[in-house]
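None of the values given here were measured: they were computed from a predicted structure.
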Amino acid sequence: ADPARPPSDVMSVVSPVMSVGSPAAPFGSPGVVGAMSSAPRWVWPSDAPQTVVHPFAPPSTRWGSGHRGVDLAAVVGGPIRAPADGQVAFSGMVAGRPVVVIAHPGGLRSTFEPVSATVSVGALVRQGEVIGLLSAQPGHCAPASCLHWGVLRGEVYLDPLSLISGRVVLLPVR
């Protein structure tokens, strides 16, 4: 069990009802930020139900333990979509898992694992375009499958859900 994760193993996301507009909020150290006010409106990266398996849990120190992204329920073989326009910056194996990275305007990068790319490095992708398929490689949710989605600005980790169009509400699953 990861002490940085909340006791509830699975959370559901309620449909968006209003726009995100919370100001940047540091968590613990200056290297981790939870939300942004000037962020573009992004979309959910998977066709699976909008369920957060493990939320963003930034570390209290730069190299401390934490969860630098979100794990989303997803189906093996299911499409993974670009949450916003960008350019594929990386596609390959990292620590034994297939990873896709998209560079977005404004210096943001989104990372997806385990995702087998269907796009090439350098390809321009539009919001909602399929970038790959969820791989069966074990990952953050082993033995179950999930999509790990991270977002960075430089070396600063952001909460990907803060970029989603609308307000994201996490509720325990009963």
Side-chain angles (χ1 to χ4, degrees), residues 1-2 4-6 8-17 19-20 35 39-57 66-105 108-152 157-174:
D2 183 345
R5 292 188 175 147
S8 173
D9 285 345
V10 180
M11 298 178 158
S12 290
V13 177
V14 175
S15 298
V17 293
S19 64
V20 174
R41 301 298 182 219
W42 289 20
V43 298
W44 198 262
S46 143
D47 292 349
Q50 296 184 358
T51 302
V52 177
V53 179
H54 298 122
F56 181 67
H67 192 231
R68 295 164 174 86
V70 294
D71 293 336
L72 308 176
V75 178
V76 170
I80 304 303
R81 300 178 182 280
D85 294 352
Q87 184 172 21
V88 179
F90 176 83
S91 172
M93 299 297 281
V94 176
R97 293 186 208 119
V99 174
V100 177
V101 177
I102 300 173
H104 303 281
L108 297 178
R109 292 184 325 277
S110 53
T111 64
F112 304 90
E113 68 173 86
V115 175
S116 298
T118 56
V119 292
S120 300
V121 171
L124 297 176
V125 293
R126 304 293 286 167
Q127 183 177 64
E129 182 179 338
V130 174
I131 59 166
L133 304 174
L134 189 73
S135 170
Q137 296 284 110
H140 286 222
C141 301
S145 298
C146 69
L147 170 67
H148 177 79
W149 178 24
V151 174
L152 295 106
Y157 287 90
L158 309 174
D159 181 355
L161 299 181
S162 71
L163 302 172
I164 296 281
S165 180
R167 185 180 69 173
V168 177
V169 180
L170 302 176
L171 300 173
V173 172
R174 290 189 159 87

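Across all their heavy atoms, A48 and A74 have their closest contact at CB-CA, 3.8 Å. When all heavy atoms of I102 and A82 are compared, the pair lying nearest together is CD1-CB, 3.9 Å. Heavy atoms only, all atoms of each residue included: V115 and L147 are closest at CG2-CD1, 3.5 Å. Considering all non-hydrogen atoms of both residues, G128 and V43 come closest at N-CG2, 4.3 Å. Annotation for V53 and L72: closest pair CG2-C, 4.1 Å, computed over non-hydrogen atoms. Nearest heavy atoms, L133 versus P79: CD2-CA, 3.9 Å.
Atom CG of residue L152 and atom CG of residue L108 lie 9.0 Å apart, to the nearest 0.5 angstrom. Of the inter-residue distances, the one linking R97 atom CZ with S135 atom OG reads 10.5 Å to the nearest 0.5 angstrom. For the atom pair CG (D159) and CZ (R68), the distance works out to 14.0 Å, reported to the nearest 0.5 Å. In this structure, CZ in F112 is found 12.0 Å from CG in L134, a value given to the nearest 0.5 Å.
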Can L161 and F56 be said to form a side-chain contact (heavy atoms from CB on, under 4.5 Å), step by step? CA-CA 8 Å; L161 299 181; F56 181 67; over 6 Å; no
Verify side-chain contact (heavy atoms from CB on, under 4.5 Å) between V125 and R81, making sure each step is shown before the conclusion. CA-CA 9 Å; V125 293; R81 300 178 182 280; over 6 Å; no
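The aromatic rings of W149 and W42 lie parallel to each other, with less than 30° between the two planes, well short of the 60° mark.
Residues that satisfy the side chain to side chain donor-acceptor pair (under 3.5 Å) test with S145, not counting sequence neighbours, are absent from this structure. Remark: R109 pairs with no residue by the side chain to side chain donor-acceptor pair (under 3.5 Å) rule, at least two apart or across chains.
Sorted by first then second residue, the salt bridge (charged side-chain N to carboxylate O under 4.0 Å, His left out) pairs that include residues 137-146, not counting sequence neighbours, number zero.
In this structure, S110 and P83 have side chains that are in contact, with non-hydrogen atoms separated by less than 4.5 Å.
Between the side chain of Q137 and the main chain of P98, no donor-acceptor pair closer than 3.5 Å is present.
Here the options are H104, Q127, R126, the test is side chain to side chain donor-acceptor pair (under 3.5 Å), and the partner is D85; only R126 passes.
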